[in-house]
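Contents: one structure, followed by commentary.
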Amino acid sequence: MTDAAADNMPPGAGRAAPAVETPWRRFMADFCANRLALFGLVLVIVVAAAALLAPWLAPQNPYDIAKLDIFDSKMPPGSASSDGTLTYWLGTDGQARDMLSAMMYGMRVSLLVGAVSVVVALAIGTVVGLTAAFFGGRVDAFLMRCVDIQLSFPAILVALILLAVLGQGVDKVLYALIAVQWAYFARAARAAALVEREKEYVEAARCLALPRRRILWRHLLPNCLPPLIVIATVEVAHAIALEATLSFLGLGVPVTEPSLGKLIANGFEFLMAGKYWIALFPGLALAMALIGINLVGDHLRDILNPRNAR
Amino acid sequence: MICRKAGAALALALSLAAAPLPLAAQELKVGLSTEPSSLDPQYHNLSPNNQIALHLFEALVAQDPAQNLQPALAVSWKAIDDTTWEFKLREGVTFHDGSPFTAEDVVFTIDRAAKVPNAPSPFTQFTKQIVGIDVVDPMTVRLRTAAPAPLLPVDMTGIRIMSKKAASGPAPEGKTTEQLNRGEGLVGTGPFKFVEWSRGNQLVLERNDAYWGPKPAWKKVIFRPLPNAATRVAGLLSGDVDFIENPPTVDLPKLASNERVTLARALSNRVIYIHLDQFAEPTPGIPDTNGKNPLKDKNVRHALSLALDRTAIVQRIMEGFAVPAADLLPSPMFGTRKDTPVEKVDVARAKKLLADAGYPNGFSITLGTPNGRYINDAKVAETIAALWTRAGVKTQIEASAPPVFFKNRDEHKYSAYLAGWGATTGEMSDPLRALVATPNRERGMGGTNKGRYSNPAVDAKLVEAMRTVDDEKRRTLLQEASKLAMDDYGILPLHFEVSVWAMKKGLTYTGRADQYTLAYLVAPAQ
Amino acid sequence: MLVFIIRRLMQAVVVMVVMSALVFGGIYLVGNPVTMLISDQASEAERLAVIRDLGLDQPVWQQYLTFVGKAVVGEFGKSFRAGEPAMQLIFQHMPATIELALVAMLLAVLVGVPLGMYAGLRPDSLRARGIMTVSILGFSLPTFWVGLMLIMLFAVALPEWIPGWPRLPSSGRGPTVDILGLKLSIFTAQGWLHLLLPAATLALAKGALIIRLTRAATREVLPMDYVKFARAKGLSERRIVGVHVLKNIAIPIATVTGLELGQVIAFAVVTETIFSWPGMGKLLIDSILLLDRPVVVAYLVVIVFFLVMLNLVVDILYSVLDPRVRLEAQGR
């Protein structure tokens, strides 16, 4: 992952495109040629759909506590609910929540936390990175020093300390995740902008004496985005994994709205008791999401990296 | 029920302990859920420290598994007058270093309690009533108090006698906490001697062969901190350790059916309860009653109690390892009543009571709970939220890490909160003074009554009880006080925790109400 | 060179000051550690006395200034819980963590480099693809999840399903031996058994990273002239790979391994929690949950210093190994 920042060439650069192909089609063709990446994409779509459509698809609303019947707790997969209206395909947890529903809602929390934190971190990082690259000199030196310092710290530690002082809650987890990710994007954005800055179109814009701000945001920014978005894909997976880890350590989201990580943590204590489904299924769902995102991200990086062109 | 059996089991355990064992089997590895923070017996007054201290040291008075007082370093004690207790000391007891135990050691130890610097939970709690110590002869001490102190013998179970000779030093407190942590001056009269402690890893003790009482079965005991519950169970199953405390309730059914494992259990002195804000108006957690605090109405409190399905909580969340509660201390402990039936769940009646009180559509409430302080605390709170919501009181829970929870609780930010109380004295005045007496800092009453329940009749009975040295009269007063508070629904008891210990087949242990893990009482079965 | 080192150390000091101020303010806001430490039965007067004893009755800025004043002369305060100097506690727990991190890193390199080279040499073979897929798994799965699965499999399930299958210890550290005053467990057989699962858990993600790095480096080296030349000379494939390729990919791998050591020590926090490993990561989590501020701050100071040193050493070594890199240059 540390080498990702180096792979910051724009898409398709340095390749001779066949005449009939549009860049998008070529991109899709490339993508589909790799079955593993396609598999990853399918995983991501399934997981995201389950999360997004949870309120409509899930058999039960796990947050509606009045509906939970405590005598249905810890039922193995395939059991029928005691009022006979529902089959718990993946069993129930210690609070009698249907695991399948809890996982879909948990996936919502996880994806939300991952996506929101990455988008905000991407925005902050891009502004910082572009500013540094565009203005150079002392601004650049100062900003990059901050970035370097931040990056020299393992993300888990920074997040851990932040949560220790902020307390629990979805919002707090978001702050912590943004704090550990922005620097990464800042560095990548700066590297991308440094390359773009030397290109003809920027020079042309300069010759037209366009305001610097306009050049920065209207010209440089759009051209720096593609590599950043690739990094963002993989970062979503990182953020989700980090959130799960923090929740597992008891410092993440509150018990009432469990993310996948919290569900696994809740299920950990049931593992030794032979009630494997409470931890295993959320774990598999988490693994599915992370593997899917990473497969897609990995392949995107290969495609966009001209050095790997076959 | 437990105490009668306990006596027999104790006797059995002790007789077995005397049987010789092959050398290899004389080592016991114990997995602890919490490591002691220090080995200084007067630094941190908390169970993990106290139970370790009991291996190395002894107090004047001991408690049996049901928390009845037993002679230890004192063979007998009696109140000479209302403010003086006399203790006759045990003859012929020696410390680990061979020096004899005398009244001087008692004086030294009681004096030291107040001198330990930075103690996060000081032992003055047990000695603060003492205004003077008289050494009558080397084997007799008299403790004088300013006011009548009926519970002084109970307090003395918390003060474990250190050797004046070994623990003296240049610092005001003699040997410092740090020195004691290294084993310097860590000399008691207890059944085990200190060998080595590497914090976070293991604490090793060896048998004190000169111990005056029944000799423990183990030549060597190794305590290992295994704070993660699942890891602790895995450690037992994989043979890393022979004996663990507090196996998680979820694992208990499986452990109980595992033929390689034996369980020991005991009804503990810890009650889990719900406190309701009966003071603030408006109260912070109830937004939709136009500023009224419905919890001041006894009918509402009664309704909330009726909505609680205590049996379901005990069965499904506690896996049967708890006992539904109708009082703050389980019978037959001192000061409890005989006939205290547990309230049966009755949602229809709860709804009717709410309607009568003027809340036909119920109201919303937030229930605060710590997450990770008591057994399954947040899970129990989640279930209560479901139960109350069914009865029409829409309940949200706010689960916080324990330090945050305690901060909020102390700042009265909860209209209702779940918490627990362990009566270390093993008698009723302890929970009554802490949880239902009207808060009064000067008199040390109602310190944990953060619902601010106040009933002058309860207070009067309690104050009277605390001046009464006569056991029978005090018992009656305490029974009356607790009945008043319970009938008023001033606090809603949920259940008493059952403490569990799990050990490999071939060991026996008598579960203790004080929840202590004491390796010298672990015996190999025949 | 000296200027470079001094500048790095100054940075470390700045980070320490910022972090410790943050922790002071944050923990102050979260709650009062005394509520966690004191017995329920203690009276209000006793509570206040403890709060005063620990200096927690003063305003938070004053507490911080007192701390800074003492920290300058090397005193980082005593743990609220244990009553021992916080630094001493950290140093007591450090050998266990370092031991675990080094063994994990070693495992990652020993497994990762050969697999990565294989994948780089035959990028289109089925096996190489398999290796790369597994490596994606390796860094996709969160450490704690892998740890749980390993415990389930090797400490519980396999020994139950297959009679005679050895049960791996899943908690704690094996017996230790004193080496130069350090308590180390890698010199006893039991010690290694206890190390196995936590080290494997920790090594998985790093192994995956090293596989990918090695593969990329190998693919970059292969088209180089000296490899072609060696081939032309008719050297055996074994010699080409074992000497020429390996030598040239060694530098980036060594650099990343060095830098990742910091990551491994940080992630040991998670692994130590799962396996009850008595290292400083678990000490940190326990201290955070108990609001034992002096220990949290001391840990931060130690880890900041350690990470800065690690980066410094890697940079210096890099400049020594690769003459093209000048230390004054900013990026790596």
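Note on naming: letters A, B, ... go to the chains in the order of the sequence lines (proteins, then strands), and numbering restarts at 1 for each one.
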Close side-chain approach of [X] to [Y], heavy-atom, < 4.5 Å:
{"X": "C:E84", "Y": "B:R182", "answer": "no"}
{"X": "C:N32", "Y": "B:P403", "answer": "no"}
{"X": "C:S276", "Y": "B:P227", "answer": "yes"}

Less than 4.5 Å to any heavy atom of chain C: does that hold for the side chain of [X], its backbone, both, or neither?
{"X": "B:L226", "value": "both"}
{"X": "B:N49", "value": "neither"}
{"X": "B:R199", "value": "both"}
{"X": "B:R373", "value": "side chain"}
{"X": "B:A119", "value": "backbone"}
{"X": "B:Q202", "value": "neither"}
{"X": "B:D430", "value": "side chain"}

Contact part of [X] toward chain B, heavy-atom cut-off under 4.5 Å: side chain, backbone, both or neither?
{"X": "C:I274", "result": "backbone"}
{"X": "C:R47", "result": "side chain"}
{"X": "C:L289", "result": "backbone"}

Taking everything shown except C:F305 itself, do over 12 heavy atoms lie less than 6.0 Å from its CZ?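 Open.
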Count the heavy atoms belonging to other residues, nucleotides or ligands that lie under 6.0 Å from NZ of B:K128, then report whether that count exceeds 12.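 Counting neighbours around NZ of B:K128, more than 12 heavy atoms of other residues, nucleotides or ligands fall under 6.0 Å, so yes.
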Against chain B, work out which of [options] has the most heavy-atom pairs shorter than 4.5 Å and name it.
{"options": "C:H93, C:Q92, C:H194", "value": "C:H93"}
{"options": "C:A96, C:A82, C:G83, C:P278", "value": "C:A82"}
{"options": "C:S39, C:A42, C:A45, C:S79", "value": "C:S39"}

So which residue, [options], ends up with the most heavy-atom pairs under 4.5 Å with chain C?
{"options": "B:Y43, B:F405, B:F406", "value": "B:Y43"}
{"options": "B:A423, B:P120, B:G372", "value": "B:P120"}
{"options": "B:V404, B:N118, B:N45", "value": "B:N118"}
{"options": "B:N408, B:T124, B:T425, B:T448", "value": "B:T124"}

[X] side chain vs [Y] backbone, donor-acceptor pair below 3.5 Å:
{"X": "B:K407", "Y": "C:L29", "value": "yes"}
{"X": "C:E46", "Y": "B:S121", "value": "no"}
{"X": "B:H44", "Y": "C:L37", "value": "yes"}

Interatomic distance, B:S37 atom OG to C:D292 atom CG [nearest 0.5 angstrom]: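 If we round to the nearest 0.5 Å, B:S37:OG and C:D292:CG are 9.5 Å apart.
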So, taking the atom named CD in C:Q88 and the one named CD in B:E178, what distance separates them when rounded to the nearest 0.5 Å?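 So the CD of C:Q88 and the CD of B:E178 are separated by 6.0 Å.
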